[in-house]
Amino acid sequence: MPELPEVEVSRLGIAPHLEQQTITQVKIWQPRLRWPISNDVLQLAGEQVTAVKRRAKYLLLESRLGTLIIHLGMSGKLHVVPTDSEKQKHDHFALELASGLSLRLNDARRFGAVLWQGIDEVHEALSKLGPEPLTDEFTGLRLYELSRGKTAPVKSFIMDNAVVVGVGNIYANEALFATGIDPRRAAGKISKARYLELGEAIKVILAKAITQGGTTLKDFLSADGKPGYFKQELQVYGRTGEPCVQCLQPIRAIRIGQRNSFYCPRCQK
DNA sequence: ATGTTGACCTGTAAGC
DNA sequence: TGCTTACAGGTCAACA
């Protein structure tokens, strides 16, 4: 479900309910997610959430004792609900708060994760990540330099978390359309000038998606239940056979690295 | 080393 | 109305 904008929208939705709140109880209903939920997370009971941050597609709930790391995988969702409300199917984990509200993780496919990072540790899930796309550490120049000699498709390249984090299947397709780059092209054979444009396009598209509340494809809702409106902005993703917004050619779908990929055969070279 | 593929798991939609 | 198949927002391990 979530790429970086959806995770950020989730963060913005839950943060006001969590920050400075005391956790009264930690509930592990289903520990078998992508990795088992460690009992280390139980020490959060009685602790205060000092900040709610994000790194890549990971949410970071900080406390005096350490950081709870949440990843939503493909289908994970966070809800803030009254603690006495009924547990839903696929609710796996919850933090109960002194306010009477609870944060619940619901994830049908269980590709998500709940991890514990002790104070002064860096969890290995976070240790090999590239820069955040919306910071100055990420530039088109970086894309250009890292891509030299690579033969993998440019779409796979920009989805590589060691190159830049947070660019998933939707926004990779959109950024390549915005810059007129054929997603199949070898990453190493694209010019510096085009990478400079691509870097900017990634920033602009992700930032806009965040302001629109993310992309709701099937069922993404922010923690307060609102859908995202970026779907209306999608130029190629999911538009197989529909006319290109620029040239009216039908949008094509192909498979790149096992992922559905959409492009305009006329506008993208 | 780099690139590609399968695997994890469940729900939903499409096809027969 | 079934039943079967393919696919879905992500990431990692294993392989060539």
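Below, chain A is the first sequence line, B the second, and so on; all start at residue 1.
- Here A/Phe230 and A/Tyr171 bring their ring centres to under 6.0 angstrom of each other.
- A 3.5 Å limit on both hydrogen-bonding distances identifies B/dA13 as the Watson-Crick or G-U partner of C/dT5.
- Nucleic acid contact for A/Lys231: none, since no nucleic acid atom lies under 4.0 Å from a heavy atom of the residue.
- Remark: the separation of the P atoms in C/dG9 and B/dA14 is 16 Å, to the nearest Å.
- In this structure a side-chain-to-backbone donor-acceptor pair under 3.5 Å is present from A/Arg239 to A/Pro243.
- Taking both residues in full, the closest heavy atoms of A/Ile190 and A/Arg148 are given as O-NH2, 2.7 Å, listed atom of the first, atom of the second, then distance.
- Look at A/His90 and you won't find any side-chain N or O under 4.0 angstrom from OP1 or OP2 of B/dC9.
- In this structure, A/Asp107 reaches neither bases nor backbone, as no heavy-atom distance under 4.0 Å exists between it and the strands shown.
- Under a 3.5 Å cut-off, the side chain of A/Arg255 and the backbone N or O of A/Gln258 do form a donor-acceptor pair.
- Residues A/Arg109 and A/His71 both approach DNA chain C. Their nearest nucleotides, taken by heavy-atom distance, put A/Arg109 toward the 5′ side.
- With A/Glu96 as the partner, the salt bridge (Lys or Arg N to Asp or Glu O under 4.0 Å) test is satisfied by one option alone out of A/Lys27, A/Lys87, A/Arg104: A/Lys27.
- For the pair A/Lys89 NZ and B/dT10 P, the interatomic distance rounds to 9 Å; values are reported in whole Å.
- Between A/Lys150 atom NZ and B/dT4 atom P the separation is 12 Å, expressed in whole Å.
- Regarding contacts with the backbone of C/dG10, every side-chain N or O of A/Asn169 stays at 4.0 angstrom or more from both OP1 and OP2.
- In this structure, A/Leu129 places its CG atom 13 Å from C1' of C/dC12, rounding to the nearest Å.
- The P atoms of B/dG6 and C/dA6 are separated by 13 Å, rounded to the nearest whole Å.
- For the pair A/Phe157 CZ and B/dT4 C1', the interatomic distance rounds to 17 Å; values are reported in whole Å.
- Within the nucleic acid shown, A/Thr151 comes within 4.0 Å of sugar-phosphate atoms alone, with no base atom in reach, counting heavy atoms only.
- Within 3.5 Å, a donor on the side chain of A/Gln258 pairs with an acceptor on the base of B/dG6, or the reverse.
- When the nucleotides B/dC8, B/dG11, C/dC7 are ranked by their closest atom to the side chain of A/Phe111, B/dC8 comes out on top.
- Dashed line: the shortest gap from a side-chain N or O of A/Arg34 to OP1 or OP2 of C/dT11 is not under 4.0 Å.
- Evaluation of atom-type donor-acceptor distances gives no pair under 3.5 Å for the side chain of A/Arg110 against the base of B/dT10.
- Between the CZ atom of A/Arg184 and the P atom of B/dG3 there is a distance of 18 Å, given to the nearest Å.
- For the C1' atom pair drawn from B/dT12 and C/dT11, the interatomic distance equals 23 Å after rounding to whole Å.
- At whole-Å resolution of the value, CG in A/Leu72 and P in C/dG10 are 11 Å apart.
- Residue A/Lys57 places none of its side-chain N or O atoms closer than 4.0 Å to OP1 or OP2 of C/dG9.
- Atom CZ of A/Arg259 and atom C1' of B/dT5 are 13 Å apart (whole Å).
- Using a cut-off of 4.0 Å between Lys/Arg side-chain N and Asp/Glu carboxylate O, A/Glu132 and A/Arg54 are scored as salt-bridged.
- A/Pro153 comes within 4.0 angstrom of sugar-phosphate atoms only, judged by non-hydrogen atoms across all strands, and of no base.
- Here the separation of B/dG11 from C/dC12, taken at their C1' atoms, is 23 Å to the nearest Å.
- The OH atom of A/Tyr58 sits 6 Å away from the P atom of C/dT11 (whole-angstrom rounding).
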